[in-house]
Amino acid sequence: MERLDGPIRDYAWGSRSVIAGLQGRPVPSDGPEAELWLGAHPGAPATVRRIGGAVSLLDVLADEPGRWLGEALVQRFGPRLPFLLKVLAAEEPLSLQAHPDSEHARAAYAAQQDAPEGAHRNYADPYHKPELLVARTPFEALCGFRDPYASAAVIEAFDVPALVGVVAALRTGPEGLREAVRTLLTWPDADRVKLVDAVATAELGAGLAAEAALVRMLAERYPGDPGVLVALLLNHVTLGVDEAIWMPAGNLHAYLHGAGVEIMAASDNVLRGGLTPKHVDVPELLRVLRFEVLDDPVVAPAPVGPGVVTWPVPIDDFALHRVRLDEDVPAVQLAPPGPRVVLCWSGRSEVRDAAGSVTLDAGQAAVGAADGGPLHFAGAAEAYVASAGLASPGLD
């Protein structure tokens, strides 16, 4: 194992306390710190500590792809790390967004290569971008479409006559979701502010207090943005610590507030759906979205063995495990497939593989090659292990 240092992304919605506090730096930080990236993303790769100085993880993988990535992973994903581990700290809401599936991403990325110079390009690469976020604080999010009949009842309660057509579409069931989203996102610019204001200032009963508060909060930050109304079509959840949300392709979602550990397929493909000043390509978003009801977006941790849990996902790009060491479980051995990234969240742990050992404190990370064999953890700590999901890791 070798020490790994990740860049911090200073997006405006980030917290000034979470990542700084995790790493033991002064709080508040000088500016917003939204995400800590631990991977080989070309836009902001982490660096490996070497005797001669820091080396980009991208270069480490490129120099010895067979050793670091492993034959099975290279055959499946090519000579690249297919996942990115993050610490995400949202002080303000992020945009509504969705991501394409692999087939659509490949076709759309190839098709836009023939687009004229200067044309807007939605796709940065030919990959999908499913995501899993595990809450480290109470975490508020919008995730997936809820029952359209429930959404119709909520929107009707705002008593805004202009939305009668949206309510009628939702009452046709899941097939009406597409029309409802299209109508809201293409609402005439001249009337958007008036419409959002009408909903945000409506008087509702106590039974709809949560929906009213959500609309007011979003409208205050994004006045006149139709995404404020699209939010009413989605599941509004607050995760407890260790609960997760799984966001597969076509799932419309937005993080609202909180801190968590996120793992995702390594891609930049994002289709925005509102709550943003950035470009919203409505026709392309409608092609990507899956207009299906997501009954329960929350994923509970699943025990793997003493001191180890995971959050199962139906893809092989990544897997995430949490290791918790204490008096009852002072040591754990875990054998994830392929390369692995370890983030210590609290306490102190020695992490060892065949190449060597590192000692990690809270907020520190390490990386190991595919040929490193099992990981051995010892100490009193809580740590996350990111790896490919090619096979279930062995555990002793």
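- In plain terms, the two heavy atoms of G274 and V280 that are nearest each other are N-CG2, 3.9 Å.
- Under a hydrophobic-cluster definition in which Ile, Leu, Val, Met, Phe, Trp and Tyr are linked whenever side-chain heavy atoms come within less than 4.5 Å, directly or via other members, I315 and L84 are assigned to different clusters.
- Under a hydrophobic clustering in which Ile, Leu, Val, Met, Phe, Trp and Tyr are joined whenever their side-chain heavy atoms come within less than 4.5 Å, directly or via other members, V237 and V215 fall into different clusters.
- Between the side chain of T137 and the backbone N or O of A259 there is at least one donor-acceptor pair closer than 3.5 Å.
- Side chain of R192 to backbone of L185: a donor-acceptor contact under 3.5 angstrom is found.
- Side-chain contact, E103 with H128: no donor N or O sits under 3.5 Å from an acceptor N or O.
- Of the inter-residue distances, the one linking D225 atom CG with L218 atom CG reads 9.0 Å to the nearest 0.5 angstrom.
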Review item, side-chain donor-acceptor pairs of residues 201-209, under 3.5 Å, at least two apart:
from, atom 1, to, atom 2, distance (Å)
T201, OG1, D197, O, 2.7

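- The ring pair (Phe, Tyr, Trp, His ring centres under 6.0 Å) search around H104 returns Y123, not counting sequence neighbours.
- A search for ring pair (Phe, Tyr, Trp, His ring centres under 6.0 Å) contacts involving H376 returns nothing, not counting sequence neighbours.
- The neighbour count for D5 CG, taken as heavy atoms of other residues, nucleotides or ligands under 6.0 Å away, is above 12.
- The distance from the CZ atom of R3 to the OG1 atom of T47 is 10.0 Å, given to the nearest 0.5 Å.
- In terms of heavy atoms, Y127 sits closest to P100 at O-CG, 4.5 Å.
- At a threshold of 4.5 Å between non-hydrogen side-chain atoms, the residues M1 and L375 count as touching.
- Contact detail for V74 and P65: the closest heavy-atom pair is CG2-O, 4.2 Å.
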Checklist entry - side-chain contact (heavy atoms from CB on, under 4.5 Å) between F377 and V385: does it pass, once the steps are laid out? => result CA-CA 11 Å; F377 293 83; V385 182; 3.5 Å; yes
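- For CD of E175, the number of neighbouring non-hydrogen atoms (other residues, nucleotides, ligands) closer than 6.0 Å is greater than 12.
- Put simply, CG on L294 and CG on L252 are 11.5 Å apart, with the number rounded to the nearest 0.5 Å.
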Item to check | R324 vs V329, side-chain contact (heavy atoms from CB on, under 4.5 Å): CA-CA, chis, key distance, verdict | outcome: CA-CA 8 Å; R324 183 173 287 164; V329 185; over 6 Å; no
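- Between the side chain of Q113 and the backbone N or O of Y109, at least one donor-acceptor pair lies under 3.5 Å.
- L58 approaches A40 most closely through the heavy-atom pair CD2-O, 3.2 Å.
- Contact annotation: the side chain of S29 never approaches that of I19 to less than 4.5 Å [non-hydrogen atoms, C-beta and beyond].
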Checklist entry - For E35 and W13, what are the C-alpha separation, side-chain angles and deciding distance, and is it a side-chain contact (heavy atoms from CB on, under 4.5 Å)? => result CA-CA 10 Å; E35 296 179 342; W13 49 263; 3.6 Å; yes
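- Here the shortest heavy-atom pairing between A180 and L170 reads CB-CD2, 3.7 Å.
- Considering CD of Q333 and CG of D353, their distance stands at 11.5 Å, rounded to 0.5 Å.
- Counting heavy atoms from C-beta outward, M264 and K129 have side chains that approach closer than 4.5 Å.
- Residue-environment remark: CZ (R348) stays at or below the threshold of 12 foreign heavy atoms within 6.0 Å.
- Contact of the Q97 side chain with the T276 side chain is not registered, since no non-hydrogen atoms from C-beta on lie closer than 4.5 Å.
- Using a distance-only test at 3.5 Å, with no hydrogens or angles considered, a donor-acceptor pair links the side chain of R178 to the main chain of L286.
- Within a 6.0 Å sphere centred on CD of E71, other residues, nucleotides and ligands contribute 12 heavy atoms or fewer.
- Put simply, the side chain of D242 does not reach to within 4.5 Å of the side chain of V309, judged on heavy atoms.
- The distance from atom CD1 of I155 to atom CZ of R171, rounded to the nearest 0.5 Å, is 10.0 Å.
- When atom types are taken as modelled, the side chain of T310 and the backbone of L320 share a donor-acceptor pair closer than 3.5 angstrom.
- Between K194 atom NZ and D191 atom CG the span is 7.0 Å, to the nearest 0.5 Å.
- Using a 4.5 Å cut-off on side-chain heavy atoms (C-beta onward), L232 and F158 make contact.
- In plain terms, the two heavy atoms of P130 and P248 that are nearest each other are CB-CA, 4.4 Å.
- Put simply, the side chain of I245 reaches to within 4.5 Å of the side chain of M247, judged on heavy atoms.
- Cluster membership for L142 and V134, using ILVMFWY side-chain heavy atoms within less than 4.5 angstrom, is not shared.
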Item to check | Working for side-chain contact (heavy atoms from CB on, under 4.5 Å), residues E33 and R25 | outcome: CA-CA 12 Å; E33 297 181 340; R25 293 183 284 109; 3.0 Å; yes
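- A ring-ring contact (aromatic ring centres under 6.0 Å, His included) check over residues 288-317, counting only residues at least two apart or in different chains, returns the pairs F145-F291.
- A 6.0 Å sphere centred on CG of D30 holds no more than 12 heavy atoms belonging to other residues, nucleotides or ligands.
- The stretch residues 238-267 participates, sequence neighbours left out, in these ring-ring contact (aromatic ring centres under 6.0 Å, His included) pairs: H99-H253, F139-Y255.
- Residue pairs meeting the ring-ring contact (aromatic ring centres under 6.0 Å, His included) criterion with at least one member in residues 33-87, sequence neighbours excluded, are W37-H41.
- Residues L36 and Q23 meet the side-chain proximity criterion, which asks for heavy atoms closer than 4.5 Å.
- Salt-bridge formation is not detected for the pair D125/R80: no Lys NZ or Arg NE/NH1/NH2 atom is positioned less than 4.0 Å from an Asp or Glu carboxylate oxygen.
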